[in-house]
Amino acid sequence: MKHVEVNFDGLVGPTHNYAGLSFGNVASLSNAKATSSPKSAAKQGLAKMKALHDMGMVQGVLAPQERPDIATLRRLGFSGSDGEVLIRAASQAPQIFQAVCSASSMWTANAATVSPGADTADGKVHFTPANLTNKFHRSLEPQTSGRILQAMFNNGRYFEHHTHLPDNEHFGDEGAANHTRLCSNYGHAGVEIFTFGRYAFDSSKPAPQKYPARQTFEASQAIARLHGLSDENTVFIQQNPAVIDQGVFHNDVIAVGNQNVLFYHQQAFLDTEQKFAEIQRKFGDEPVHFIEVSTNEVSVEDAVQTYLFNTQLLTMQDGHMAIIAPTECQENPRVAAYLAELVTRNTPIRQVHYFDVKQSMRNGGGPACLRLRVALNDTELAAVNPAVLMNDELFARLNQWVDKHYRDELSVADLSDPQLLTESRTALDELTQILKLGSVYPFQL
Ligand SMILES: N=C(N)NCCC[C@H](NC(=O)CCC(=O)O)C(=O)O
């Protein structure tokens, strides 16, 4: 049986904007209030999806969420017609209003944690949407993420969907951004590495001082239990609190893994030596390539600015790996030199491909943030809703859809235009038909 890793990229939503909502995320704060381009953001994302499809990867699309989120504004006491709710919230509570307009669901690495059937006790692929409790604007995502995932992986024989963890900082869960899986082959049981920022129930343990640690140890453990993972195929490792305080708000900003490669920065983790020995022991006899980037080669600051580690590490059809990097890496001479040299070394990584995802990068989302990885066998892949899988026709159709519904420019002031709500709902209603998702948005239920 054949096994593949499918990347499901978030389609950028029509309200993509820069509101400076993510304390601890350097790009989000430094670009606050800049004018965005929802149309070029969506097209940059689609171009990356199509390019990966053309490289022979199986590529999927994950739909954006309904924003402005009128249902949440009603829960917060704003009343009247939808238009009145919007106008009242925008004038009385502008910060809350900006949060409910965020297109942050585009970063689907935070949509859920996924464990492939090869790792789980019942042999099914398990999904748990991330609760994203640390940021108000992101905490609005899990219910709809769950409904969209159910509509994409809609077969109880192969797919198991869990409810997101309790909505509390003790169980703060950021999904696959803090989870990576090493395996000798996508179909073999692998080692699932859960990276957390702090212990919620033990304040004596190390924790960052300046910026929040979004993922807790307790949340990571709960996901492993829910997914039926065994001790032999899980490793829990703490992120170095000092790098969180330098802007590494998710572990995928400082490390990325694929098959037998873990590509990481020297300062990424705590107890690195001991934990890597555990990873190797659980991985088995074949050696894991631990590719460490030292601080001398690339500083943490350069890594955060360029997203060197928020790259996708993909196995190409010839068995070698390619790095999918943002153009910011190419523009930084130190990082570009590092990558040019890396591909000449004796490691599985042989190619680098650069992509312009600047619209997303300005909010702290690189190529790896934009995708949710799901390893599937042939039978499971055949059970995935085929309308969400990228091909030439879907690429053309989604580009037309973006051209029809998206604005070229959007400023924070434009968010309170009631017309934007109508545009967004019209676009999403049509999208659910293109992707054959059924009714997944609050305005459709
Ligand atoms: N690393 C991964 N996997 N994802 C990146 C998420 C970026 C997102 N930015 C934002 O939500 C900024 C929104 C704004 O400021 O408008 C966040 O901080 O959660």
Side-chain angles (χ1 to χ4, degrees), residues 7-10 12-13 15-38 41 45 62 64-65 67-69 94-114 130-142 145 172-180 195 197 211-215 239 243-244 247-257 268 303-312 324 326 328 357-373 410-415:
N7 287 284
F8 290 89
D9 277 42
V12 178
T15 63
H16 162 63
N17 73 93
Y18 302 119
L21 301 173
S22 282
F23 177 63
N25 168 344
V26 179
S28 155
L29 289 201
S30 54
N31 290 304
K33 314 286 180 271
T35 298
S36 65
S37 172
L62 222 153
Q65 304 211 354
R67 297 290 182 269
D69 183 345
Q95 283 151 323
I96 296 172
F97 180 69
Q98 281 164 28
V100 307
C101 291
S102 177
S104 55
S105 66
M106 64 200 270
W107 300 296
T108 54
N110 306 115
T113 307
V114 184
N131 61 20
L132 301 169
T133 55
N134 186 258
K135 298 282 177 267
F136 169 61
H137 68 291
R138 303 225 58 185
S139 72
L140 309 176
E141 297 174 30
S145 295
D173 174 26
E174 300 281 319
N178 288 318
H179 173 256
T180 197
T195 311
Y211 291 145
R214 298 195 195 184
Q215 178 92 27
Q239 235 185 311
V243 298
I244 297 180
V248 181
F249 56 98
H250 287 137
N251 185 61
D252 67 4
V253 176
I254 199 93
V256 56
V304 170
Q305 255 169 31
T306 63
Y307 269 35
L308 167 62
F309 299 96
N310 198 266
T311 43
Q312 291 176 253
I324 305 300
E328 281 74 359
V357 287
K358 284 193 190 306
Q359 284 287 324
S360 168
M361 284 288 285
R362 285 185 199 132
N363 253 337
C369 300
L370 286 163
R371 63 94 171 90
L372 182 68
R373 297 190 272 188
L410 197 63
S411 68
V412 168
D414 297 329
L415 296 173

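When a ligand or atom number is given, it counts from 1 through the structure's own listing order. Starting from 1, each residue takes its place in the sequence as its number. Bear in mind the structure is a predicted one, so any value in this text is a computation, not a measurement.
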Nearest neighbour of [atom] from the list [options], on a heavy-atom basis:
atom                    : options                      : value
atom 18 (O) of ligand 1 : Ser22, Ser36, Ala177         : Ser22
atom 16 (O) of ligand 1 : Gly365, Ala19, Ala176        : Ala19
atom 1 (N) of ligand 1  : Asn31, Asn17, Leu372, Asp252 : Asp252
atom 2 (C) of ligand 1  : Cys369, Ala34, Gly10         : Cys369

Give the intermediate values and the outcome of side-chain hydrogen bond (donor to acceptor under 3.5 Å, both in side chains) for residues Ser104 and Glu141. CA-CA 8 Å; Ser104 55; Glu141 297 174 30; 2.6 Å; yes
For a quick check under 3.5 Å, do [X] and [Y] share a side-chain donor-acceptor pair by atom type?
X      : Y      : value
Arg138 : Ser102 : no
Arg362 : Asn31  : no
Gln359 : Tyr18  : yes
Gln65  : Ser145 : yes

Return yes or no for this condition: an N or O of [X] is under 3.5 Å from an N or O of ligand 1.
X      : result
Tyr18  : no
Leu21  : yes
Trp107 : no

Looking at Ser36 and Leu410, would you say the former's side chain and the latter's main chain have a donor-acceptor pair under 3.5 Å?
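Present.
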If you have a sec, work out which protein heavy atom is nearest [atom] and how many Å separate them, to one decimal?
atom                    : value
atom 6 (C) of ligand 1  : Arg138 NH1, 3.5 Å
atom 11 (O) of ligand 1 : His137 NE2, 2.7 Å
atom 12 (C) of ligand 1 : Asn363 OD1, 3.5 Å

(request) Tell me, please: is Arg214 in heavy-atom contact with ligand 1, that is, under 4.0 Å? (result)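 Arg214 counts as a contact of ligand 1 under the 4.0 Å cut-off.
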| said: Quick check for you: to the nearest 0.5 Å, what is the distance between His250 atom NE2 and Ile244 atom CD1? | reply: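 Taking NE2 in His250 and CD1 in Ile244, the distance rounds to 10.0 Å.
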Near [X], which atoms of ligand 1 are under 4.0 Å from a heavy atom of that residue?
X      : value
Gly20  : 14 (C), 15 (O), 16 (O)
Ser28  : 12 (C), 14 (C), 15 (O)
Ala109 : 3 (N)
Gly364 : 5 (C), 7 (C)

- Item | Residues forming a ring pair (Phe, Tyr, Trp, His ring centres under 6.0 Å) with Phe97, sequence neighbours excluded |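 Here no residue qualifies.
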### Task
Name the orientation class of the two ring planes belonging to Phe249 and Tyr307 (parallel below 30°, tilted from 30 to 60°, perpendicular beyond 60°).
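It falls in the tilted class, 30° to 60°.
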| field | Partners passing side-chain contact (heavy atoms from CB on, under 4.5 Å) against Ser139 (at least two apart in sequence or in another chain) | value |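 Phe136.
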